[in-house]
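Beneath this line is the structure, given in C-alpha cells, with notes to follow.
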Number of protein chains: 2
Amino acid sequence: MSQTVDRALSILPLLAEGPADLGKVAERLGVHKSTALRLLRTLHEHGMVYRQSDQRYRLGARLIALAQEAMENLDIRGIAHPHLVRLNEQCGHTVHLAVYEEDEVLYIDKVESRYPVRMYSRIGKPVAITVAAVAKLLLADLPEHERRALAEQLDYPLYTSRSTPNAPAFLRELDKVREQGWATDLGGHEESINCVAAPIRGADGRVVAAMSVSAPNVVVTADELLTLLPLVRRTADAISGEYSGRTPAKDTP
Amino acid sequence: MSQTVDRALSILPLLAEGPADLGKVAERLGVHKSTALRLLRTLHEHGMVYRQSDQRYRLGARLIALAQEAMENLDIRGIAHPHLVRLNEQCGHTVHLAVYEEDEVLYIDKVESRYPVRMYSRIGKPVAITVAAVAKLLLADLPEHERRALAEQLDYPLYTSRSTPNAPAFLRELDKVREQGWATDLGGHEESINCVAAPIRGADGRVVAAMSVSAPNVVVTADELLTLLPLVRRTADAISGEYSGRTPAKDTP
DNA sequence: CAGTGGCGTTGCAGTGAGTGCAACACTCAT
DNA sequence: ATGAGTGTTGCACTCACTGCAACGCCACTG
C-alpha cells in the first residue's frame with residue numbers, strides 16, 4: 001500500500017538472512033543506492049537495524065526488544081506460564097505453548113525439560129506447521145474454507161517417514177484432531193521425538209492457543225508419553241478456565 | 001530521514017504498550033486517520049502488526065520471528081552457548097550473555113539455574129544498564145567521550161539502596177571495572193540477588209560481549225558467589241579465544 | 001425504528017516528500 | 001600513483017503520500 005514503507009520493511013527479512021552491505025540491499029530491493037541508504041538510515045534511527053564495524057547492516061536491538069514486549073503483551077502467555085511450570089514439575093519434560101497467527105504457528109513460551117537430553121526449539125520460532133501437535137490443534141479449529149485454503153498452499157516437507165505427506169492427509173488428520181480434542185506428533189518432525197498436545201479455549205469455545213509436552217524416545221516411549229494425556233488436558237483446561245474468566249486466578253498456593 | 005517510514009516505525013513502540021485502535025494510532029502519530037490506516041495496512045501486509053478480532057492492532061508474529069533470526073545470527077551467541085551450558089553444569093546458577101548496542105545492553109542468551117529459586121529475566125530484554133554487572137563491563141570499554149555522554153543521559157533509578165545513584169558514581173564504578181577486568185552487582189538491582197561477570201573480547205581486545213553468573217542470597221552468599229570468579233573468567237576467556245579465532249572450536253569432548 | 005454518534009474506509013486533487021542521477025569522497029589493492 | 005570498489009551528498013523532477021470530505025457500517029437509544 002505504501003511504497004516507501006513497503007520497501008523499508010522488505011529490508012528486514014533480507015537482513016535476517018545475514019548482514020548485507022548497502023549495494024546488496026539496493027540490488028535486492030531493486031532501487032538506487034541512495035534510496036536504499038535513506039531507508040536504512042531511517043531504520044537505523046529507530047534501532048531496527050544496526051551498523052556493524054565493517055559497515056554492513058544487520059538487524060538491530062530495538063527489534064528484539066519490541067518482539068519481547070509483543071510477547072509479554074499476549075495475555076494468554078502470562079496466564080498460562082505458571083501452569084506450564086507446574087506441569088513441567090510434575091512430568092519433567094519440555095512444555096511448549098503456541099499460538100496461530102496469519103498462516104503461522106509459533107511458540108510463545110517454553111519450559112525446559114529437566115532431563116539431560118533436550119530438544120531444540122526456541123520461543124518465537126515458527127513451528128513445523130504440518131506435523132507439530134500444537135499446529136494441528138490450532139489449524140483444526142479454523143473455519144473450513146480457511147483451513148482448506150491454508151492446507152493447499154502449505155509445503156509438506158518430509159522431515160521423517162512419518163511426516164504428513166500432502167494436503168488431503170493433513171486435512172484428514174485435522175478432522176481427527178478436532179473430533180478427539182487432542183493431538184500427537186509421533187516422530188513426524190524428528191524421528192526420535194514424540195509430543196502430545198491439548199487445546200486452550202477462550203470463552204466462546206474457540207481455540208486460542210495450544211500446549212504440548214515433548215520428550216525423546218530415549219527418555220520415555222510414545223506409549224508412556226500418552227499416559228500423560230489426561231494431565232496435559234487437565235492443565236490446558238485449567239488455563240482455558242482462567243483465560244475465559246470462569247476460574248479466578250489462584251493465589252500462589 | 002524518511003517521513004513515511006519514520007511514522008510507520010513509530011507505530012511499533014506505540015503498539016508495544018498495548019493494543020490500539022486506528023483513531024488512537026492516528027492521534028498519537030499526529031496524522032489523519034486515513035494516513036494511519038495506510039501505514040497500518042502496509043505494516044500488516046508485512047506481518048509486523050496483527051489485527052485482532054476487536055479490530056484493534058497489536059504487534060505481529062513476523063516481528064517475533066525476525067527478532068528470533070536476528071539473535072540466531074549473532075555469531076558470538078552460537079560460539080558462547082556451549083560454554084555457558086558447561087558453566088551452568090559446573091556451578092548450577094543462572095548464566096547470562098549480553099551485548100551492548102546503541103545505548104542499550106540486552107541479554108541474548110540465558111541458561112536457567114538448576115536451583116528451584118530462579119531470577120526473572122528474559123532473552124531480548126534490555127537490562128538495568130546502571131547496575132547490571134554485564135552492563136558495567138560493556139560500557140566501561142566504550143571510548144571515553146561516548147561513555148561520558150551516555151552516563152550523562154541515563155536515568156539512575158534506585159531499585160535498591162545499593163543502586164548506582166548518579167552519573168559520577170557510575171563513571172567511577174566503570175573506571176574500577178575497566179581496571180580490574182571483571183564486575184559485580186551486589187544487590188543493586190534486586191535486594192537479594194548478586195551477580196559476578198566477566199568480559200568477552202574480540203581479536204582487537206575490544207569487549208564484544210559480557211557474561212555473568214547470578215544467584216539469590218538464599219542459595220549462596222555474595223562471598224561464596226565471588227569464589228566462582230576465576231571459573232567465570234576462564235569461561236569468558238575461552239569464549240574470547242574461540243571468537244577471535246585464536247582457539248579452534250573444540251570437538252564435543 | 002428513525003435518529004445519532006462513533007468507528008473504519010474510500011476517492012480525489014494538490015503538493016511536498018521520495019526518487020534516481022551524477023558527482024564526490026574515501027579506502028583499499030595493485 | 002592508479003584504479004576499482006565502496007558509501008555519501010546535492011539537486012531537479014515527479015509520483016507517491018497526504019489530508020479532506022463523503023460514505024458505509026454498526027451499536028446504542030429515546
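Please read all numbers here as calculations on a predicted model, not as lab measurements. Lettering of chains follows the sequences in order, A, B, ..., and the numbering in each one begins at 1.
Neither OP1 nor OP2 of D/dC17 sits under 4.0 Å from any side-chain N or O of A/Arg7.
Map A/His32 and B/Gly30 each onto its nearest nucleotide of DNA chain D; the residue landing nearer the 5' end is A/His32. Comparing A/Val5 and A/Tyr57 along DNA chain D, the residue whose closest nucleotide (by nearest heavy atom) sits nearer the 5' end is A/Tyr57.
Taking atom CZ of residue A/Arg41 and atom P of nucleotide D/dT9, one finds them 5 Å apart after rounding to whole Å. The distance between atom CG of B/Leu40 and atom P of D/dT18, rounded to the nearest whole Å, is 12 Å. Between the CD1 atom of A/Ile11 and the P atom of C/dG18 there is a distance of 14 Å, given to the nearest Å. Between A/Leu37 atom CG and D/dT6 atom P the separation is 15 Å, expressed in whole Å. Atom CG in A/Asp54 sits about 13 Å away from atom P in D/dT6, given to the nearest Å. Atom CE in A/Met1 sits about 14 Å away from atom C1' in D/dT18, given to the nearest Å. The distance between atom CD of A/Gln3 and atom C1' of D/dT18, rounded to the nearest whole Å, is 15 Å. As rounded to whole Å, 15 Å separates atom C1' of D/dT6 from atom CD of A/Glu27.
If you check every strand for non-hydrogen atoms under 4.0 Å, A/Arg51 touches sugar and phosphate atoms only.
Between the base of D/dG7 and the side chain of A/Lys33 there is a donor-acceptor pair shorter than 3.5 Å. Taking 3.5 Å as the limit, the base of D/dC17 and the side chain of B/Thr35 contain no donor-acceptor pair of atoms between them. Taking 3.5 Å as the limit, the base of C/dG18 and the side chain of A/Thr4 contain no donor-acceptor pair of atoms between them. One cannot find a donor-acceptor pair under 3.5 Å joining the base of C/dG18 and the side-chain atoms of B/Ser2.
Candidate nucleotides C/dC21, D/dT8, C/dT9 were compared by shortest atom distance to the side chain of A/Ser34, and C/dC21 ranks first. Here D/dG19 is the nucleotide among D/dT8, D/dG19, C/dG8 with the atom lying nearest to any side-chain atom of B/Arg38.
Relative ring orientation between B/Tyr107 and B/His96 is described as parallel, the plane-to-plane angle staying below 30° on a 0-90° scale split at 30° and 60°.
Remark: A/Gln180 CD is packed, more than 12 non-hydrogen atoms of other residues, nucleotides or ligands lying under 6.0 Å away.
Two residues are said to be in side-chain contact when any heavy atoms from C-beta on lie closer than 4.5 Å; B/Asp6 and A/His46 meet this criterion.
No donor-acceptor pair under 3.5 Å is formed between the side chain of A/Thr164 and the backbone N or O of A/Phe170. Between the side chain of A/Arg147 and the backbone N or O of A/Leu142, at least one donor-acceptor pair lies under 3.5 Å.
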